Amino acid sequence: MEDRLIIRGIEFDSRLWVGTGKYKDFEETARAVEASGADVVTVAVRRVNITDRNSPNLLDHLDTKRYKILPNTAGCYTVEDALRYSRLAREAGVSDMIKLEVIGDEKTLFPDTIGLLRATEVLAKEGFIVFPYTNDDPIMAKRLEDAGAAAVMPLGAPIGSGLGLRNPYNIKIILEAARVPIIVDAGVGTASDATIAMELGCDAVLINTAIAGAKDPIAMAAAMKHAVVAGRLAYKAGRIPRRLYATASSPLDGMLA
Amino acid sequence: MGDDGWQSSLSTGKRGFFSAAMKLRINGEDYESERETLSALLEELKVIPGRVAVEVNLKVVRRADYPNLVLKEGDVVEIVNFVGGGQGKPSARRFDC
């Protein structure tokens with residue numbers, strides 16, 4: 001049976017989701033997205049440049065039929081702003097999906113989870129498919145799920161930090177309790193971090209900086225693609241338990257006396 | 001502006017014969033237009049409605065309502081689209097571990 005991620009009836013071809021920020025140019029963005037094999041790409045909502053209408057647009061470089069565009073509320077520090085950006089994003093006509101961020105602090109970019117919960121409630125009632133970016137807090141993950149989140153996106157580490165999963169045990173606890181998909185959002189630094197997230201049983205991983213900021217973003221995008229597939233396969237295969245002492249894998253029978 | 005109110009109304013969507021340009025605030029900047037409706041304003045700005053979302057005085061406007069929305073002096077208009085972005089606001093702060 002095919003191991004496909006489905007959220008609210010939407011089928012996803014890849015368990016790697018990628019952001020489109022911090023790239024050198026749109027061409028590099030498009031090539032990295034292609035190499036990653038992702039079918040979800042996140043975008044931000046910003047003012048149109050009305051003085052220079054010839055300025056290029058990201059969506060001219062991405063096939064919107066091929067990729068699912070996931071708008072985010074990045075940069076929003078209040079519930080009101082997050083709601084405003086979400087409603088604008090929906091009206092721009094790409095989808096009802098929103099990656100909801102209510103940021104609490106500029107230095108850490110940690111989420112303001114109280115505001116996040118409020119915004120999730122409101123948007124879920126308005127029919128949005130809400131993906132809230134939250135802490136690795138099992139209780140808050142559950143509260144967001146109860147508030148109507150379509151999936152919960154706990155951070156592995158601060159956005160752009162590349163520190164990997166700082167608390168894999170909390171992610172594990174979140175996964176044990178969850179009835180909605182869990183997607184690690186932020187913190188991945190290199191391929192093995194993505195694999196660890198998937199081996200824990202996460203449903204997908206969202207990566208931006210680790211790819212865009214790599215020396216060779218296209219090569220790193222490919223590495224992440226394989227890392228996510230490997231982690232998922234290992235999770236499904238079921239790893240051996242950790243043991244303190246050796247267990248021989250070659251037979252002892254037939255050894256020379 | 002020393003406007004005498006005698007503006008041409010040759011092109012479509014412009015305001016009435018005696019009306020002057022009205023002052024708007026678009027994406028945080030002052031802007032003067034004689035266009036009467038939101039559709040006409042977007043046309044003047046060469047903004048294609050397909051990929052943008054528009055807010056007038058903090059209310060999101062449905063695309064179907066663009067032709068019917070009559071602009072008034074002092075209206076605050078926001079026109080947004082999608083740009084590259086992943087998570088948070090890219091931080092200027094960097095550190096190595």
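Chain letters run A, B, ... following the sequence lines, proteins first and then strands; every chain starts at 1. For clarity, every value in this text was computed on a predicted model and none was experimentally measured. Side-chain atoms are counted along with the backbone in the values below, which use heavy atoms only and exclude waters and symmetry mates.
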Quiz item: Under the 3.5 angstrom rule, does the side chain of A:Asp203 hit a backbone N or O of A:Ile182 as a donor-acceptor pair?
Solution: yes
Exercise. Using a cut-off of under 4.5 Å on heavy-atom pairs, state which of A:Cys76, A:Pro111, A:Gly162, A:Ala186 scores highest against chain B.
Key: A:Ala186
Self-check item: ring-ring contact (aromatic ring centres under 6.0 Å, His included) pairs, two or more places apart, involving residues 42-72 of chain A
Solution: A:Phe26-A:His61
Self-check item: More than 12 heavy atoms of other groups within 6.0 Å of A:Arg118 CZ
Solution: no
Quiz prompt | Residue B:Glu78 versus chain A: region with a heavy atom under 4.5 Å | solution = side chain
Practice problem: Output yes when B:Arg25 and B:Asp30 qualify as a salt bridge under the 4.0 Å nitrogen-oxygen rule, no when they do not. | Solution: yes
Practice problem: Could you look at A:Ala89 and say if it's the side chain, the backbone, both or neither that has a heavy atom under 4.5 Å from chain B? | Solution: both
Which pairs of donor and acceptor atoms, one on a side chain in residues 151-159 of chain A, lie under 3.5 Å apart (sequence neighbours left out)?
none

Quiz prompt | Interface residue of largest heavy-atom contact number with chain B, from A:Val48, A:Thr73, A:Leu58, A:Leu59, under 4.5 Å | solution = A:Val48
Exercise. Would you mind checking which part of A:Thr51 comes under 4.5 Å of any heavy atom in chain B, side chain (CB onward), backbone (N, CA, C, O), both or neither?
Key: side chain
